[in-house]
Number of protein chains: 2
Amino acid sequence: MARATRLPDHPVARAAIIQHMLAGAGLRVTRPRQAIAEVLLLAWDHPDAEAVLARARAIDPSISQATTYRTLAVLADKGYLRTHNFGTGGARYEVAEQHHDHLVDVDTGAVMEFVSAEIEALQQKIADRFGYDIVDHQLVLFGKQRAKG
Amino acid sequence: MARATRLPDHPVARAAIIQHMLAGAGLRVTRPRQAIAEVLLLAWDHPDAEAVLARARAIDPSISQATTYRTLAVLADKGYLRTHNFGTGGARYEVAEQHHDHLVDVDTGAVMEFVSAEIEALQQKIADRFGYDIVDHQLVLFGKQRAKG
DNA sequence: TTAGATGCAAACAATTTGCATCAAA
DNA sequence: TTTGATGCAAATTGTTTGCATCTAA
């Protein structure tokens, strides 16, 4: 049930998408950043900085940890990435497309995505009670797979 | 609008509650742990480990960082405390009483608490779709105070 | 050309651990 | 008394930064 990749197969189209993302974030389009962006766009999971670095080095072995963290930070800051903190370990990243929330399998660590317009509507109702406007939210469900019976 | 303290004023009653919490977690009732538990039970906010340590040292200056982290970890593991990750900085702790979620003021860092039975019901409906039972969840709304009109 | 990006290594921040000593049960 | 708890300091983990050197624009 792996999600389809977010990048087209055609190498020119891929390069164009990556370029758009980096330039859109106000960044120069360098080789390390292209590798990092490609890694994120290809990721079907929610890798942490270490995993992003490892995968990026498969494309270009000279990429440093510092560049990885710096690039992740800028892209997240500019809204191209979302960061999450699922309990222990470092921050985990994913390309920010349509907003969605997460269901984490506490036994396997697998992460599923979902959206619920109903929940989002209720959230704003709650914020209203406090006199607030919501600028962001995070909802993480932790669950166990139900035994087949 | 500070929440009332979770501990009674009477010193004997306070000691009994703290003892109950520590013993209930399978821990020996030591002076450092009593101080840490008292700090958490008295906390009206959501202190991080550093703040817990500082407040505990006001009770007993000899308390170490290691004991603070160790005690927080066990109490959280046993379900007496909840931990949160509101963006940057270390984990933040609070006594686990009735479950509730949080609304964080992105400008001031203030944290408000709320519960919504409606949202919780929808959460289980979503987990059902994946064949999961929810064992825990975390919902954090980030908001800005609405300008007074 | 030149401002911005890089790798490296050192610095930081948050948390965990080994160990000799201490104290609750 | 003996098993678990403590403080200390060192080790880990995750992340950030200074700096001399590159390189995209």
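Order of the sequence lines sets the chain letters (A, B, ...), proteins ahead of strands, with each chain counted from 1. Below, all heavy atoms of this structure are taken into account, side chains as well, without hydrogens, waters or symmetry copies.
Backbone-only engagement by B:Arg33 is indicated by non-hydrogen atom pairs under 4.0 Å involving sugar-phosphate atoms exclusively. Across all strands shown, B:Glu50 has no heavy atoms under 4.0 Å from either base or sugar-phosphate atoms. Using a 4.0 Å heavy-atom distance criterion, B:Ala73 is classed as making no nucleic acid contact.
Heavy-atom nearest nucleotides on DNA chain C were determined for B:Gln65 and for B:Thr30, and the one closer to the 5' end corresponds to B:Gln65. For B:Arg28 and B:Thr68, each mapped to the nucleotide of DNA chain D holding its nearest heavy atom, the one lying further toward the 5' end belongs to B:Arg28.
The distance from atom CZ of A:Arg31 to atom C1' of C:dG4 is 18 Å, rounded to the nearest whole Å. In this structure, the CD1 atom of A:Ile36 is 12 Å from the P atom of C:dA5, given to the nearest Å. Atom pair A:Asp60:CG and D:dT23:P shows a separation of 11 Å (rounding to whole Å applied). The nearest whole Å value for the distance from the CG atom in A:Leu27 to the P atom in C:dA3 is 18 Å. Rounding to whole angstrom units, CG of residue A:Asp77 and C1' of D:dT16 are separated by 15 Å. Distance A:Ile18 CD1 to D:dA24 P: 16 Å, rounded to the nearest Å. Distance CD (B:Gln34) to C1' (C:dA25): 14 Å, rounded to an integer number of Å. The distance from atom CG of A:Asn85 to atom C1' of D:dT13 is 14 Å, rounded to the nearest whole Å.
The residue from A:Val140, A:Val111, A:Leu141 that alone fulfils the side-chain contact (heavy atoms from CB on, under 4.5 Å) condition with A:Leu103 is A:Leu141. Screening B:His84, B:Arg82, B:Glu94, B:Arg92 for a side chain to side chain donor-acceptor pair (under 3.5 Å) involving B:His46 leaves a single residue, B:Glu94.
Side-chain atoms of B:Arg70 and base atoms of D:dG4 include no donor and acceptor less than 3.5 Å apart.
Phosphate proximity of D:dT15 to A:Tyr69: present, with a side-chain N or O under 4.0 Å from OP1 or OP2. The phosphate of C:dA5 (OP1 or OP2) has no side-chain N or O of A:Thr67 nearer than 4.0 angstrom. Between A:Ser64 and C:dT6 there is no side-chain polar atom (N or O) within less than 4.0 angstrom of OP1 or OP2.
The side chain of B:Pro32 lies closest to D:dG7, out of C:dT15, D:dG7, C:dG7.
Without hydrogens or angle criteria, A:Asp101 side chain to A:Leu139 main chain gives a donor-acceptor distance under 3.5 Å. At least one donor-acceptor pair closer than 3.5 Å links the side chain of A:Arg146 to the backbone N or O of B:Tyr132.
In the displayed structure, B:His20 atom NE2 is contacted under 6.0 Å by at most 12 heavy atoms of other residues, nucleotides or ligands.
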